[in-house]
**Student:** 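Please find one structure pasted underneath; my questions will follow.
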Protein chains: 2
Amino acid sequence: MLSKSAKYALKGVLYLAMNTNEQKRVMAKDISGPINVPPSYIAKLLQQLGRHGVVSSIKGPHGGFFLTEENKKTPLIKIIDLLDGEYRLKSCMLSLKDCNELNPCPLHRLVGNVKSDFIRSLEQTTIAELVQDIKDGKSFLPL
Amino acid sequence: MLSKSAKYALKGVLYLAMNTNEQKRVMAKDISGPINVPPSYIAKLLQQLGRHGVVSSIKGPHGGFFLTEENKKTPLIKIIDLLDGEYRLKSCMLSLKDCNELNPCPLHRLVGNVKSDFIRSLEQTTIAELVQDIKDGKSFLPL
DNA sequence: CATATAAAAGATAAAAATGTCTTTTAATAT
DNA sequence: ATATTAAAAGACATTTTTATCTTTTATATG
Ligand code: FES
Ligand code: FES
């Protein structure tokens with residue numbers, strides 16, 4: 001469904017959202033354990049997210065990765081699209097080129113609506129909202 | 001979403017459903033073109049599906065692959081699970097081990113229902129039903 | 001300024017998915 | 001029976017994804 005990279009990235013960003021801010025940062029190697037992702041792998045992913053303004057970071061002593069309030073407004077789809085490309089989630093289930101509502105493939109009717117609801121959710125939901133759910137006890141994060 | 005193998009397999013099976021029966025068979029190399037999948041690749045996939053009773057085949061002159069009426073009753077999920085494993089589609093979006101309705105991860109609320117509707121569709125829909133849609137002009141198959 | 005720290009960037013390695021090719025087995029037709 | 005046909009099976013090659021390791025750059029501190 002999602003690539004490992006996308007899952008790892010989401011876990012990493014959620015961890016940062018829960019545990020950091022402009023002042024309190026955390027190093028890649030210290031995120032690795034809690035979210036159960038290899039240290040150098042999560043480092044790479046966070047760097048990539050940093051380049052696109054999804055996470056913030058500062059080098060050197062007491063540096064590390066963190067999320068600003070602005071960062072937390074990122075919609076989930078941005079993280080997924082960055083790592084998996086738009087194609088993976090949004091393309092036709094059978095990978096047919098010229099398919100749309102007017103020219104639907106056999107699976108379209110079956111899963112088309114479901115899929116677009118799913119994507120709309122990812123577009124409309126931000127990191128901040130997921131964090132709120134966790135704080136409200138609506139969801140849990142045993143990463 | 002689905003692996004290439006799963007997409008190829010679905011296209012191959014749909015092609016067989018539309019173009020073959022016990023008497024009229026088609027060789028792997030002749031499916032390749034119409035569904036736009038490498039000949040040796042679709043051959044492998046159909047062999048694998050054959051082992052699990054999803055397609056039928058006969059060796060030798062005038063042999064080839066085909067679908068019986070029985071074969072056409074196969075639910076779509078069987079083809080997908082065979083090639084991708086159940087895990088890919090059905091596991092938690094963040095790949096968390098011990099997660100369920102009572103212990104939902106942050107994405108669960110967001111996509112959980114959508115995802116299970118999707119899976120239920122795949123479980124309840126058979127090849128035969130997709131073929132009927134095509135014959136009724138409800139969907140199209142420019143593979 | 002010198003040193004230590006930690007991210008950024010780049011190179012390399014391992015594993016999995018995709019794709020191709022060759023040999024073997026089973027069925028048909030001559 | 002023998003030759004031909006086509007799937008079955010297995011070996012092999014390529015590409016992509018995942019994972020690790022090394023070097024460079026930026027920042028803070030003494
Ligand atoms: S046309 Fe294939 S999923 Fe929409
Ligand atoms: S608990 Fe993660 S998707 Fe259900």
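None of these values were measured; they are calculated from a predicted model. Just so we're on the same page: letters track the sequence lines, and every chain starts at 1.
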**Student:** Quick one: ring pair (Phe, Tyr, Trp, His ring centres under 6.0 Å) pairs with a partner in residues 30-49 of chain B, sequence neighbours left out?
**Tutor:**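 For residues 30-49 of chain B, and leaving out neighbouring residues, the ring pair (Phe, Tyr, Trp, His ring centres under 6.0 Å) pairs sorted by first residue read B:Tyr8-B:Tyr41.
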
**Student:** Could you list all N or O pairs between the protein and nucleotides 25-27 of chain D that sit under 3.5 Å apart?
**Tutor:**
{"residue": "D:dT25", "atom": "O2", "partner": "A:Lys59", "partner atom": "NZ", "Å": "3.2"}
{"residue": "D:dA26", "atom": "O4'", "partner": "A:Lys59", "partner atom": "NZ", "Å": "3.0"}

**Student:** Would you say B:Thr74's side chain and B:Asn71's backbone share a donor-acceptor pair under 3.5 angstrom?
**Tutor:**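 Present.
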
**Student:** Of all residues at least two apart in sequence or in a different chain, which pass the salt bridge (charged side-chain N to carboxylate O under 4.0 Å, His left out) check with A:Lys4?
**Tutor:**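 Expected list: none.
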
**Student:** Starting from C1' on D:dT5, measure out to CZ on B:Phe65 and report it in whole angstrom.
**Tutor:**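 These atoms are roughly 14 Å apart.
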
**Student:** Just to verify, what does B:Glu101 make a salt bridge (charged side-chain N to carboxylate O under 4.0 Å, His left out) with, not counting sequence neighbours?
**Tutor:**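 Scan of B:Glu101 (salt bridge (charged side-chain N to carboxylate O under 4.0 Å, His left out), adjacent residues dropped) gives none.
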
**Student:** Has B:His62 got a side-chain N or O lying under 4.0 Å from the OP1 or OP2 atom of D:dA6?
**Tutor:**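 No, B:His62 has no side-chain N/O under 4.0 Å of OP1/OP2 on D:dA6.
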
**Student:** Taking only the side-chain nitrogens and oxygens of B:Ser5, find out if one of them lies under 4.0 Å from OP1 or OP2 of C:dT18.
**Tutor:**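 The answer is yes; a side-chain N or O of B:Ser5 sits under 4.0 Å from OP1 or OP2.
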
**Student:** Quick one: do A:Asp117 and A:Arg120 make a salt bridge, cutoff under 4.0 Å?
**Tutor:**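 Result for this pair is yes, salt bridge flagged.
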
**Student:** Calculate, to the nearest 0.5 Å, the distance between atoms CD and CD1 belonging to A:Gln124 and A:Ile77 respectively.
**Tutor:**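 Those atoms lie 11.0 Å apart.
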
**Student:** Return the value, rounded to whole Å, for the distance between atom CZ of A:Arg51 and atom P of C:dA7.
**Tutor:**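 These atoms are roughly 14 Å apart.
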
**Student:** Can B:Asp81 and B:Lys90 be counted as an ion pair, charged N to O under 4.0 angstrom?
**Tutor:**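 Salt bridge between B:Asp81 and B:Lys90, a charged N being under 4.0 Å from a carboxylate O: yes.
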
**Student:** Could you state the atom-to-atom distance from CG of B:Leu45 to P of D:dA8 in whole Å?
**Tutor:**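 Between P of D:dA8 and CG of B:Leu45: 12 Å.
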
**Student:** Is it true that A:Leu83 and A:Ile80 fall in one hydrophobic cluster, defined by side-chain heavy atoms closer than 4.5 Å?
**Tutor:**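 Hydrophobic grouping puts A:Leu83 with A:Ile80.
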
**Student:** Atom pairs, N/O to N/O, protein against nucleotides 19-23 of chain D, distance under 3.5 Å?
**Tutor:**
{"residue": "D:dA19", "atom": "OP1", "partner": "A:Lys4", "partner atom": "NZ", "Å": "3.4"}
{"residue": "D:dA19", "atom": "OP2", "partner": "A:Tyr8", "partner atom": "OH", "Å": "3.1"}

**Student:** Check step by step if side chain to side chain donor-acceptor pair (under 3.5 Å) holds for A:Asp133 and A:Ser139.
**Tutor:** CA-CA 6 Å; A:Asp133 278 359; A:Ser139 67; 5.0 Å; no

**Student:** Look up atom CG in A:Asp30 and atom CG in A:Asn19, then write down how far apart they are to the nearest 0.5 Å.
**Tutor:**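 These two atoms lie 11.0 Å from each other.
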
**Student:** How long is the line joining NZ of A:Lys11 and P of D:dT18, in whole Å?
**Tutor:**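 Taking NZ of A:Lys11 and P of D:dT18, I get 13 Å after rounding.
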
**Student:** Ignoring backbone atoms, establish whether B:Ser57 has a side-chain N or O less than 4.0 Å from OP1 or OP2 of D:dA6.
**Tutor:**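 Checking D:dA6 against B:Ser57, no side-chain N or O comes under 4.0 Å of OP1 or OP2.
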
**Student:** Could you give the CG-to-P distance, from B:Leu49 to D:dA8, as a whole number of Å?
**Tutor:**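 Taking CG of B:Leu49 and P of D:dA8, I get 11 Å after rounding.
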
**Student:** Taking a hydrophobic cluster as the set of Ile, Leu, Val, Met, Phe, Trp and Tyr residues connected by side-chain heavy atoms closer than 4.5 Å, whether directly or through intermediates, do B:Val54 and B:Ile58 fall within one such cluster?
**Tutor:**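 Per the 4.5 Å side-chain linkage, B:Val54 and B:Ile58 are not co-clustered.
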
**Student:** Do B:Gln47 and D:dA8 have a side chain to base donor-acceptor pair shorter than 3.5 Å?
**Tutor:**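 Per atom types, the contact qualifies.
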
**Student:** Residues of residues 16-31 of chain B with any non-hydrogen atom less than 4.0 angstrom from an atom of DNA chain D: list those, numerically ordered, please.
**Tutor:**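 The answer is B:Val26, B:Met27, B:Ala28.
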
**Student:** Report the distance from atom CG of A:Asp84 to atom C1' of D:dT18, rounded to the nearest whole Å.
**Tutor:**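 Distance, rounded to whole Å: 13 Å.
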
